[in-house]
Structures are given as structure tokens and as C-alpha cells.
Protein chains: 2
Amino acid sequence: MPVRMTDDALLTVLTNKATTLRIESIRATTEAGSGHPTSSTSAADIVATLFFSVMRYDPKKKKTQNNDRFILSKGHAAPLLYAAWAEAGLFDKHELLRLRTLDSDLEGHPTPRLSFVDVATGSLGQGLPAGVGMALNAKRLDQSPVRIYVLMGDGESVEGSVWEAVEVAQHYKLDNLCAIVDVNRLGQSDPTMLQHDMEAYRRRWSGFGWHAVVVDGHDIPALLAAFDEAAFTKDRPTVILARTLKGKGIPGVEDQPDWHGKPLKKEQAQKAIEELTRQIRQSAVQPEIRRPDWQPNGAKSVRPMPAPQYKPTDSVATREAFGAALLALGEANPLVVALDADVKNSTFTDKFGKRFPERFFENFIAEQNMVGATAGLAACGKIPFAATFACFLTRAYDFIRMAAISQSNIKLMGSHVGVSIGEDGPSQMGLEDIAMMAAQPDIVVLYPADAVSTHRLVELAAAHRGPVYIRTGRPKSPILYGNDEPFAIGGSKVVRQSQKDQLTIVAAGVTLFEALKAYDELKARGTAVRIIDLYSVAPIDRNTLIQSGQATGGRMLTVEDHYAHGGIGDAVLAAVGDQGFRVSKMAVREIPHSGKPEELVDRYGISARAIVETATKLLP
Amino acid sequence: MPVRMTDDALLTVLTNKATTLRIESIRATTEAGSGHPTSSTSAADIVATLFFSVMRYDPKKKKTQNNDRFILSKGHAAPLLYAAWAEAGLFDKHELLRLRTLDSDLEGHPTPRLSFVDVATGSLGQGLPAGVGMALNAKRLDQSPVRIYVLMGDGESVEGSVWEAVEVAQHYKLDNLCAIVDVNRLGQSDPTMLQHDMEAYRRRWSGFGWHAVVVDGHDIPALLAAFDEAAFTKDRPTVILARTLKGKGIPGVEDQPDWHGKPLKKEQAQKAIEELTRQIRQSAVQPEIRRPDWQPNGAKSVRPMPAPQYKPTDSVATREAFGAALLALGEANPLVVALDADVKNSTFTDKFGKRFPERFFENFIAEQNMVGATAGLAACGKIPFAATFACFLTRAYDFIRMAAISQSNIKLMGSHVGVSIGEDGPSQMGLEDIAMMAAQPDIVVLYPADAVSTHRLVELAAAHRGPVYIRTGRPKSPILYGNDEPFAIGGSKVVRQSQKDQLTIVAAGVTLFEALKAYDELKARGTAVRIIDLYSVAPIDRNTLIQSGQATGGRMLTVEDHYAHGGIGDAVLAAVGDQGFRVSKMAVREIPHSGKPEELVDRYGISARAIVETATKLLP
């Protein structure tokens with residue numbers, strides 16, 4: 001480590017850095033003609049202090065395991081982040097003037113297209129949950145001294161997801177996590193709820209068990225002391241509540257309303273930059289970025305996951321097969337970790353949790369934090385599987401959306417899908433999960449029908465680089481496939497076919513078994529139909545669908561335990577839409593009721609009986 | 001009001017009621033073979049105290065404005081709620097034994113199919129935001145003395161949405177709102193984070209500015225005193241933190257783990273019921289439910305909304321036209337209220353807020369609370385419009401899902417849709433909102449292209465009974481329609497047609513104008529195409545689509561500023577899927593980048609140029 005410079009010299013250096021960051025933020029946003037200079041300058045002293053004195057990192061090795069991590073949760077202050085990394089020497093400052101253009105990855109809000117960004121931000125309240133994941137990774141998995149810094153806005157700090165992260169961080173005693181709230185008093189459209197009532201902020205955070213430090217966010221020595229205090233605080237996380245002024249350092253703009261998200265006009269920017277430039281003091285010393293003085297653990301050895309061992313006579317719910325597969329995967333791959341939100345005995349992640357308690361993170365009933373922390377763990381190179389009821393993943397849809405933007409390597413499992421869960425009623429039924437997951441361009445959506453395919457799809461999910469969603473059901477299902485049956489992302493299975501097929505029926509999960517019953521019934525009546533198991537909904541096996549459609553006179557029928565819009569039927573329609581086929585959809589078309597699973601499957605028109613009836617109408 | 005009975009008599013009566021509620025909860029769940037007896041009995045004393053001493057209501061007039069309101073946020077304790085209403089005399093107790101059957105609306109979790117349920121619960125953390133809406137209604141709109149009681153679980157209280165509601169309730173000084181947390185220590189799969197650390201609960205809630213009272217939740221005199229204290233506490237809401245035992249009163253089950261969501265076996269239930277029955281003491285008096293002693297305000301007079309007044313040469317963003325229409329609607333209809341989440345100067349709800357400050361509720365950056373409060377306001381007979389960026393409505397998707405289950409009369413507006421927002425980048429672009437909204441069976445999805453249609457669709461949204469979503473854009477658009485043009489939910493407009501059309505192009509919003517440019521370009525090349533404005537995505541104008549498809553040789557092309565899955569293209573495909581048409585989709589198929597709006601519209605393949613190119617390939 002470099003010799004620590006004198007306090008005076010350090011103060012000069014950091015003050016100059018903060019001023020430079022302000023200048024660059026103003027210059028870039030004025031050049032772009034849009035962006036957030038005022039939200040950048042309020043936090044410039046905080047960021048300068050972190051980047052040029054507090055954090056230990058090698059700017060040329062941005063994503064190594066041994067760098068301290070910085071998350072700009074208030075992603076609209078991106079110009080400040082970009083200026084800091086340029087100042088740290090990662091890239092040329094001239095690049096900053098390409099802010100927000102189509103050809104530069106210095107976008108309006110940070111995304112991991114940039115080497116120094118771990119998770120996309122810009123939807124507020126998401127940085128701290130990601131930071132929880134990273135802090136869990138450092139403290140519980142890597143046992144490294146890496147520290148995690150998350151810079152939030154004050155308006156942002158009222159997002160419920162922040163408080164989920166606050167609770168979970170406190171529960172896991174994440175003393176390597178340090179949140180900083182840039183309390184600049186002004187939201188987008190109004191002053192914030194608490195404005196500059198710093199004691200109210202302190203009561204909130206300390207009421208949740210955090211160590212809370214209130215400082216003047218423009219007082220660099222006070223910031224340095226606060227970061228020291230955070231580093232020495234054990235067994236609980238620290239929040240630095242920094243009182244700041246929005247637009248700090250911009251004459252006529254500082255602490256003024258109606259300046260959110262507005263760049264300065266050229267002339268005004270010029271004046272502000274001149275004024276700020278005058279504040280830069282001569283200094284004999286240059287700041288030296290503290291480098292980490294430890295090495296990450298060596299690579300861990302990964303074995304292939306063993307094949308499934310189901311008997312043809314077994315009856316296993318896919319959610320249960322998921323739990324068994326996750327356990328087997330955990331044995332084979334030490335990078336695999338699991339998260340749940342108080343339903344581990346329903347999603348069967350408890351099997352993994354019992355075997356690998358150090359790799360299992362209970363999030364209690366905090367689904368947003370769970371998905372955010374999952375993205376944080378993925379950003380640290382882990383392969384995290386997070387599970388809850390599919391319907392409760394709707395709670396975290398914004399986090400899933402942002403994980404898709406990050407192309408994060410997260411694996412989500414949603415159980416208890418569809419009306420086939422039965423008596424618990426509509427609030428517990430995942431009926432829109434395919435719509436929400438498949439809408440995101442890069443999320444793989446898998447929907448196994450039996451235990452063997454579940455096992456194989458879990459294996460494929462872990463091997464795939466990028467976000468994957470696995471949909472599982474509550475009821476027990478027969479075994480359909482042999483233990484050596486191959487599966488692929490983007491594949492499908494033609495499970496019944498003949499030369500005389502008149503109709504292609506596409507199904508998945510519980511409706512596949514209904515379709516198979518319908519097949520038998522239709523066969524008994526002398527009608528041959530083709531049955532496809534669409535276990536990979538996205539990407540979809542377009543070739544097989546088109547070939548089957550062509551082989552069955554262009555007649556197709558889809559059946560799904562999901563609402564009609566955005567489900568399997570729509571995925572099939574989109575895949576064959578330009579073929580001139582006639583495709584009919586069977587799906588749940590109203591808010592369901594409580595009842596027995598088989599009653600509901602029939603009532604909502606996706607049973608074997610309903611399939612036979614519809615198929616008969618469609619046949620020539 | 002009835003004369004208050006002596007303390008001893010009241011205690012006997014309430015204790016008996018609580019015991020009866022326990023008995024009925026056990027009996028019903030055992031009969032059903034599923035359900036949550038233990039989560040019901042922990043809260044039986046709280047509910048007995050509320051229903052038979054504290055709350056003022058007429059059980060025969062469940063949804064009148066002058067009843068105190070009770071929300072069972074821990075919806076899985078539904079058997080307790082149903083037993084309470086049966087005990088209150090609303091329906092026959094024998095009905096309780098039909099719990100969770102297909103033919104009874106006493107479902108696994110409460111829904112407004114039941115006359116006494118205001119909002120569906122069962123997804124945890126949603127009751128308090130709804131309660132905020134109801135409390136705002138009573139205090140700010142109706143100026144009535146109605147009080148709102150929300151019973152939550154302890155596991156539930158870690159949901160972030162709870163803390164959003166806590167903040168907003170404190171900000172609006174909702175002293176008519178009383179939350180009760182049933183701290184029974186045990187979650188589904190594990191003990192809760194804080195177990196019985198009542199002081200930790202107190203610190204959290206009082207840290208957020210609430211009046212917090214810790215009581216033994218099985219001590220009825222203490223509960224009565226706590227509810228009195230809540231009623232007398234001014235200018236801030238009160239939470240009663242009730243220490244309870246899960247399974248209270250069930251021998252061998254009380255305070256034991258692994259009893260979440262499990263009914264008792266018949267014999268065990270019989271024994272428990274016998275034991276509890278023995279505890280019922282003779283009483284000479286019957287409880288009298290306190291009736292409200294005030295009347296709701298008279299009906300308010302509603303005028304027709306005036307017609308739009310746009311000039312053909314105007315250029316107006318649909319989000320801005322939304323703000324203008326909402327203002328006009330507010331003038332015409334005093335039941336209309338508006339909510340926002342710190343973007344009112346972008347969604348233009350600020351116009352309404354300035355004109356009607358008493359009917360406008362700022363939710364700061366707390367989208368879950370915003371949508372939950374919107375449902376609460378709707379349950380009180382208001383017509384609430386809530387607005388934010390479309391992408392941030394993903395934050396509240398679980399609330400939207402539950403509002404759909406409630407068939408709640410909420411109106412949501414999502415602005416800044418698609419890549420056409422430009423430089424802010426993907427985190428700010430609503431590209432999955434149609435997928436998530438249209439997936440819900442009963443949500444109307446409207447997508448106006450110009451200011452006139454926006455005005456008319458806002459009018460239609462207010463007149464429609466049920467949830468409506470309106471999608472608006474950021475860029476300014478030309479005026480397309482005359483001020484007297486009629487629109488309808490489920491309608492569409494054929495905006496260009498001829499006898500020689502070779503292709504139907506379906507578009508909406510910004511892509512409609514791209515399609516119109518493409519029309520001109522194709523026409524100049526001698527190719528006639530038909531253009532449809534699909535302003536109502538759900539329900540969809542199937543007849544017009546089929547007629548147009550037939551008229552254009554079965555060739556159709558959809559173009560949308562939305563991701564490919566679950567958008568307009570899929571809605572069109574589903575509508576015409578059985579017609580044998582050839583339908584191609586143009587949509588955003590990857591995570592977009594920052595850039596200028598027109599650059600992005602072209603880069604992601606939904607511009608006039610791209611339409612001309614694709615159309616040319618599709619033509620015979």
C-alpha cells in the first residue's frame with residue numbers, strides 16, 4: 001500500500017478530484033443535450049473520496065474478485081460515475097463527451113456493457129439489493145475482505161426494495177456493506193418526503209439495526225472519517241447519510257428546484273466550468289488509488305452433474321424434481337448457490353439449504369431483495385438459483401427486467417403455476433409468468449413436464465450464460481422420459497406422432513399430460529394427432545413446430561395452464577405466424593376460483609375432455 | 001350507540017367470540033383438507049376484539065362508505081375472516097364448511113367476490129398500501145370519521161411494500177389508519193427474522209414515525225386499550241404490535257414449527273374443538289356491534305367531459321394529452337382522483353394536481369404503494385388514475401395482478417414507452433408493459449397514437465368499470481383525428497384503405513406514424529397497403545382485423561415499439577390465429593441502447609424504412 005499522504009495534501013487532492021468530476025459531469029451533459037448534472041454534482045465529493053482514497057481496486061482489472069465494489073444505485077448520476085472511472089485512468093476523458101450517443105456505451109444510465117459496471121441501474125432502489133448479494137458473496141462465500149459501497153439517492157431511499165435489503169443485510173450482519181445516501185433534498189418533481197431532516201433518516205436506518213452516520217456530504221474530512229467508521233463497525237452494515245446540495249458547485253443552480261435531469265445551456269455551462277476550474281488548487285502530489293492486497297481464491301473444480309435416476313413408475317412434482325436437481329447440481333458445482341423467500345419447503349430448495357447451509361440464503365418474504373441479491377451474486381461469478389412461487393416473482397418484475405438489461409447470469413425458478421395448484425385460489429397461481437419472462441429478449445424460459453426433463457433443464461440452466469427462468473408445477477406428475485433422454489435449450493419433443501396425424505397439439509407441464517390423455521381418447525375414436533412437449537418456450541423450436549404444422553395440414557392447437565395472452569400459445573403463434581397455419585389456443589381466460597386441481601383444470605378449459613372437444617371441432 | 005357493557009361482561013363475550021372463531025377456523029380447514037388454522041387462531045383475539053367491540057359497522061351493509069374498514073392483509077388467515085363475518089350475522093355458519101370448494105366464494109384467500117372483501121389479499125404486503133388508499137379517502141376526500149384496520153402477519157411485515165405504505169401514511173398523517181401485526185413468530189418455512197423481539201419491531205415502526213404499541217395479542221383488555229390509544233392518537237398512524245402464538249389454543253400445535261398451512265386431522269381437530277368448547281363461558285349478554293353514527297356525503301354531480309379541442313396542426317405528446325384530459329375529466333367528475341410517484345412533471349399529472357390538490361396524492365418513489373393505494377381508493381368508490389413511467393409499473397406488477405383478481409376499478413397510465421424515448425436508455429423504456437397488462441384477463445389495454453384519441457380514451461377509461469391501462473409516449477406526435485371522432489374500448493381505426501390493398505399493417509402509438517410514412521412511400525412505388533390503428537389492444541377488434549386480413553390476401557404485418565413477446569403482434573396473431581393468414585411481426589428484439597429517438601426507432605427495426613423493406617418482401 002502506498003504511504004498515506006498528509007491530511008492537507010489528501011484534502012487538496014480529493015477536493016480537486018471532486019471539482020474535476022463536477023466539471024466533467026457538466027461538460028458531458030451539456031454536450032449531450034440531456035442528462036443529470038445536478039444529481040451528479042451533489043455526490044461528487046462522496047465519489048471522489050471513495051474512488052481516490054477509500055476504495056481498494058485496480059482500475060485496469062475492473063471485475064476481479066479482489067476489487068472493492070461500487071454500485072451507483074442512483075443511476076441517473078451516470079456522468080459522475082463515468083468521470084470517476086476516466087479520472088481513475090480506465091479510459092480517455094474525451095470519451096466522456098460521447099455520453100448518451102448511439103455509438104458509445106456511456107449510456108444515459110449505466111449498464112454492464114461497460115466493463116466497470118456490475119449491474120444496470122436507473123430503476124431506483126435496486127443497487128442495495130445487488131450490494132447485499134455482493135456482500136454475501138465476499139463475506140460468506142469468498143471470505144474475502146472486499147467491501148461493497150452503494151451510492152443511493154434520497155428520493156430513492158423510500159423504495160420498499162431498499163428496506164428489504166436493509167433488513168436482510170442486517171440479518172446477515174453484512175459489515176462489509178456500506179450504503180451512502182446522497183441527501184440532496186430535491187426529487188424530480190418536488191422536494192423529497194424528508195428533505196434535509198437528517199435525524200429522521202437516522203431514526204429510520206438505525207431503527208432497522210444499521211449503524212447510521214450523519215455527515216455533511218461536501219465535507220471531505222468528515223466523509224473520510226465516516227468511511228473509516230464504517231470499515232471498523234463490526235457485525236452490522238453502515239449507512240452514511242450525507243447531507244448535500246443538488247447542483248452543488250453550479251452557480252445559480254445549487255439547491256434550486258426544477259433542475260432535475262436538465263443539462264445546462266452552453267453559455268451557463270461554460271461559466272460554471274470556469275468558476276469550478278478556478279477552485280482547483282495546485283498540488284504537488286497525485287492521488288494514488290489503493291490497490292487490494294489479497295488474492296481471490298483459486299478456481300474451484302466443477303464436476304459434471306450426474307444423470308437423473310427416476311423410475312418409470314415414479315410420480316414426482318416438477319418443483320420437487322427441481323429441488324433434487326438443485327441438490328445434485330450443488331454437489332457437482334461449488335459455484336452454485338441458492339436463495340428463497342420463506343417457501344423453501346414448497347420449492348424444495350430446502351434440500352440444497354440443508355446440505356449447503358453456507359451457500360443458501362433465506363430472504364424471508366422479500367422477493368425484490370432476493371432477485372436483486374441474486375443479480376449481485378451473479379456479478380461476482382456465482383451461479384445463483386432463486387426460487388419462490390411463480391406468482392410472487394411478479395413482485396420482483398422490475399428486478400427481473402433490470403437483470404435482463406444486465407444480461408445477468410441469474411436462474412429463477414417459479415413454482416405453483418396455474419390453476420392446477422387448486423384450493424389456494426388465484427392469488428397463489430402463477431398465470432402470467434411466461435408473459436412477463438418471455439417478454440424480456442434474453443431470458444430463457446423452460447417449462448418441464450416431468451422429473452427427468454426438470455433435472456436436465458436445471459443442468460442446462462446452470463451451463464447457460466445468461467438469465468434463465470424455470471417454471472414448475474405443484475401436482476405430482478408421471479415420468480415421461482428415460483433418464484438418458486437428451487434435452488436442449490431451444491428444443492422440443494414430439495412425444496406422439498404418426499403418418500396420419502391431423503392436428504398438432506402443443507402443450508407443456510400439466511397440460512402435456514392432459515394432451516396425452518386426449519391423444520388416447522382421440523385415437524380410440526380413430527383420430528391421430530401429434531403431441532409436442534414445448535419444454536423450451538423461449539427460445540422456441542420453430543423448425544419442429546413448422547414441420548409438425550405442415551405434417552398436420554396446417555392445423556395446430558396449443559393448451560396451457562397460463563393466461564391466454566403472452567403464454568405458450570402466443571409463442572407458438574409468433575413462431576409459425578407467417579406460415580398460413582390455423583392455430584387455436586386453449587388457456588385460462590378468466591380469474592380462476594379455488595377448487596380441486598382437477599376440477600379447475602376442467603372448469604378453465606384445459607383438460608383432456610376440453611382438448612378432445614376442441615380438437616374434434618378443428619378436424620377436417 | 002349501545003350502552004357499553006361492563007368490563008367483565010365484555011371480556012367474557014369477546015373471549016367467547018375468539019374461542020368460537022378458533023373453533024370455526026379449525027373445523028372449516030379440517031373439513032376442506034387444506035388451509036391455515038394456525039395462522040387463524042393466532043389472530044383470533046385481535047379479530048374478535050375488532051369485530052365485536054372496536055369497529056363501527058353495519059354487517060348487513062358491508063360496503064357502505066360509513067362502515068369502518070377491515071383488511072385481512074395476511075389473507076391466508078381467511079378462515080378467521082369468514083368465521084368473523086358469519087359470527088357478525090352476515091351469513092349462516094354452515095357456509096363455513098364449504099371453505100375452498102369450487103361452489104363457494106369462501107376461497108383459500110379472500111377476494112371481492114365476497115361482499116365483505118374490499119381488496120383481494122393472499123399476496124403478502126398488499127393490505128397496508130390498500131389501507132393507505134382507504135385512509136386517504138376517509139380523511140382527505142370524504143372527511144368522514146371512518147377508521148381503517150389492517151391486520152398483517154409478522155413474516156409479511158418485511159415486504160418492502162409495507163414500508164412504502166408506512167412512509168406515505170406517515171407523510172399524510174393518516175391517524176385514521178391502524179395496522180396490527182400478528183407477531184406469531186413463525187413463518188412458513190422458518191422462524192421469522194425478528195421472532196418475538198418486540199422491541200426490534202417497535203424500533204422499526206417508530207423509527208418511521210408511527211405510534212407503536214406493543215401488546216400481548218391474546219390479552220383482550222390490553223388489545224382494547226391499544227385500539228383506544230390508536231383512536232386517540234392524532235396526526236400519525238398507529239401500529240399495534242401484538243405478540244401472539246401461532247396455533248394458539250390448539251393443544252400440541254401452539255407455538256410449534258412445521259404447522260404452517262396444515263389443517264388438523266379429523267381426530268385431532270375434534271379434540272381441539274372439544275377443548276376449546278369447554279373454555280366457552282356462560283354469558284348473560286350478547287355483544288352488540290357498534291354501528292356508525294354518521295352518514296356518507298351525498299352523491300356528487302358528474303358532468304360529461306368536454307370534447308377535445310386540438311387543431312390539426314398541433315404537435316402533442318400523448319403523455320401530455322393524457323395530463324390535459326385528466327384535468328378536463330377532473331373538472332367534470334369529482335370522483336376522479338390522481339396519484340403519481342415523483343414524475344408528475346413527466347406524466348403531466350401535475351396539471352391535475354395543481355388544479356385539485358386535495359384530490360392528488362404524491363407517492364414519492366414508491367410505486368407499489370401507489371398502485372395499492374389506488375386499489376384502496378377504488379374500493380371506496382373513487383375513480384383513481386395512477387401514473388408513472390411504464391417501465392416502473394413493472395415494480396408494482398404483483399399489485400396490478402392482485403387488482404385484476406379484485407376486478408378493481410383502477411386506471412393506470414404508463415408513459416415513456418419504447419425505444420422512442422431516446423437517450424435515457426433501456427432502464428427507462430417501457431417495453432414489456434403490454435405483455436404484463438394484457439396477460440391479466442380483465443385489464444383493458446389502450447394505446448392512443450395522438451392527442452385526440454388520448455383524450456377520448458381517458459374518457460372511456462373513466463366510464464369503464466374495471467381496471468384500465470393507458471400506454472403513452474414521450475415524443476410529440478401529430479394530430480391524426482378530428483375532435484369529434486368516436487372511439488370505443490375494443491375498437492380500432494382503419495386509417496388508410498383502398499380496394500387494391502395487398503397487405504394490412506397494424507400499428508399503434510409512434511409506429512402508427514412510421515406506418516403512415518411507409519404507406520406514402522409504398523404508394524409512391526405503386527403499392528397499396530391498409531393501415532390499422534390498434535388503439536385498443538385488449539379487448540381487440542377481431543372483426544376488423546379479420547376483415548382487413550381477408551381483404552389483403554391474408555397478409556398482415558404488425559409494428560410496435562415494444563418487445564416482440566406479448567405485445568401488439570401477439571394480440572393480433574391470437575385474434576386471427578385460426579384464419580390461416582400469414583402474419584409477420586416487427587418489434588424490438590434486443591436490449592436497446594441509448595441514442596436519439598429516431599436513431600433508435602430505425603436501429604431496432606420499427607421505422608418507416610424498415611416497414612417499407614419488410615412489406616416489400618411480404619408482397620406477392
Side-chain angles (χ1 to χ4, degrees), chain A residues 34 100 102 107-109 120 122-124 155-156 158-161 163-164 167 171 187-189 193 203-204 207-208 342-345 364-366 368 394-395 397-398 401 405 423-427 432 435-436 438-439 441 563 565-566 570 573 577-578 580 582-584 589-591 594-595 599, chain B residues 34 100 102 107-109 120 122-124 155-156 158-161 163-164 167 171 187-189 193 203-204 207-208 342-345 364-366 368 394-395 397-398 401 405 423-427 432 435-436 438-439 441 563 565-566 570 573 577-578 580 582-584 589-591 594-595 599:
Chain A
S34 67
R100 292 177 159 244
L102 188 53
E107 296 189 73
H109 296 77
S123 179
L124 295 170
E156 167 178 17
V158 308
E159 285 278 23
S161 54
W163 298 99
E164 294 185 6
E167 293 161 342
H171 177 80
Q188 172 179 324
S189 67
M193 217 184 273
R203 279 193 298 273
R204 286 187 179 186
F208 271 70
D342 195 27
V343 291
K344 68 184 178 204
N345 50 348
F364 303 89
I365 311 180
Q368 296 184 94
T394 59
R395 195 61 154 260
Y397 191 31
D398 197 20
R401 178 178 80 89
I405 291 173
E423 291 84 352
D424 272 341
S427 66
E432 55 285 286
M436 75 171 185
Y563 285 140
H565 185 84
D570 283 355
L573 273 159
D578 60 356
R582 291 174 190 272
V583 185
S584 296
R589 292 183 184 274
E590 61 186 297
I591 304 291
S594 286
E599 282 176 342
Chain B
S34 68
R100 291 174 160 248
L102 187 54
E107 296 190 73
H109 296 77
S123 178
L124 296 170
E156 167 179 16
V158 309
E159 285 279 22
S161 55
W163 298 99
E164 294 185 5
E167 293 160 342
H171 177 79
Q188 172 177 325
S189 67
M193 217 184 272
R203 280 192 298 274
R204 287 188 178 185
F208 271 70
D342 195 27
V343 291
K344 67 184 177 203
N345 49 348
F364 303 90
I365 311 180
Q368 295 185 95
T394 60
R395 195 62 153 262
Y397 191 31
D398 197 19
R401 177 179 81 88
I405 291 174
E423 290 85 352
D424 273 341
S427 65
E432 56 285 286
M436 75 171 184
Y563 285 141
H565 185 84
D570 283 356
L573 273 158
D578 60 356
R582 292 174 189 274
V583 185
S584 296
R589 293 182 183 274
E590 61 186 295
I591 303 291
S594 286
E599 283 176 341

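Residue numbers begin at 1 in each chain, while the letters A, B, ... track the order of the sequences.
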Would you give the length of the straight line joining atom [atom1] of [X] to atom [atom2] of [Y], rounded to the nearest 0.5 angstrom?
{"X": "B/W163", "Y": "A/S161", "atom1": "CH2", "atom2": "OG", "result": "14.5 Å"}
{"X": "B/Q188", "Y": "A/K344", "atom1": "CD", "atom2": "NZ", "result": "10.5 Å"}
{"X": "B/R395", "Y": "A/R395", "atom1": "CZ", "atom2": "CZ", "result": "11.5 Å"}
{"X": "B/S189", "Y": "A/N345", "atom1": "OG", "atom2": "CG", "result": "5.0 Å"}
{"X": "B/D570", "Y": "A/D570", "atom1": "CG", "atom2": "CG", "result": "4.5 Å"}
{"X": "A/E156", "Y": "B/D342", "atom1": "CD", "atom2": "CG", "result": "12.0 Å"}

So do B/E164 and A/V158 actually touch side chain to side chain, heavy atoms under 4.5 Å?
-> no
When heavy-atom pairs shorter than 4.5 Å are enumerated against chain A, which of [options] gives the highest number?
{"options": "B/G425, B/G187, B/A438", "value": "B/A438"}
{"options": "B/A120, B/A435, B/A366", "value": "B/A435"}
{"options": "B/Q368, B/H171, B/M436", "value": "B/Q368"}
{"options": "B/S34, B/G580, B/S584, B/G155", "value": "B/G580"}
{"options": "B/F208, B/F364, B/Y563", "value": "B/F208"}
{"options": "B/D398, B/V343, B/D578", "value": "B/D398"}

Kindly give the heavy-atom pair with the smallest separation between A/L102 and B/E599, and that separation in Å.
-> CB-OE1, 3.6 Å
Quick one: what part of B/R401 sits under 4.5 Å from any heavy atom of chain A, side chain, backbone, both or neither?
-> side chain
Just by modelled atom types, is the [Y] backbone N or O under 3.5 Å from a matching donor or acceptor in the [X] side chain?
{"X": "A/H565", "Y": "B/P441", "answer": "no"}
{"X": "A/E423", "Y": "B/R100", "answer": "no"}
{"X": "A/R203", "Y": "B/G207", "answer": "no"}
{"X": "A/E107", "Y": "B/S594", "answer": "yes"}

Max heavy-atom pairs within cutoff under 4.5 Å with chain B, candidates A/G566, A/G160, A/G108, goes to A/G160
Assert top hit (heavy-atom pairs under 4.5 Å, partner chain B, pool A/M193, A/E432, A/E590) equals A/M193
Considering only heavy atoms, which portion of A/S123 lies under 4.5 Å from any heavy atom of chain B: side chain, backbone, both, or neither?
-> both
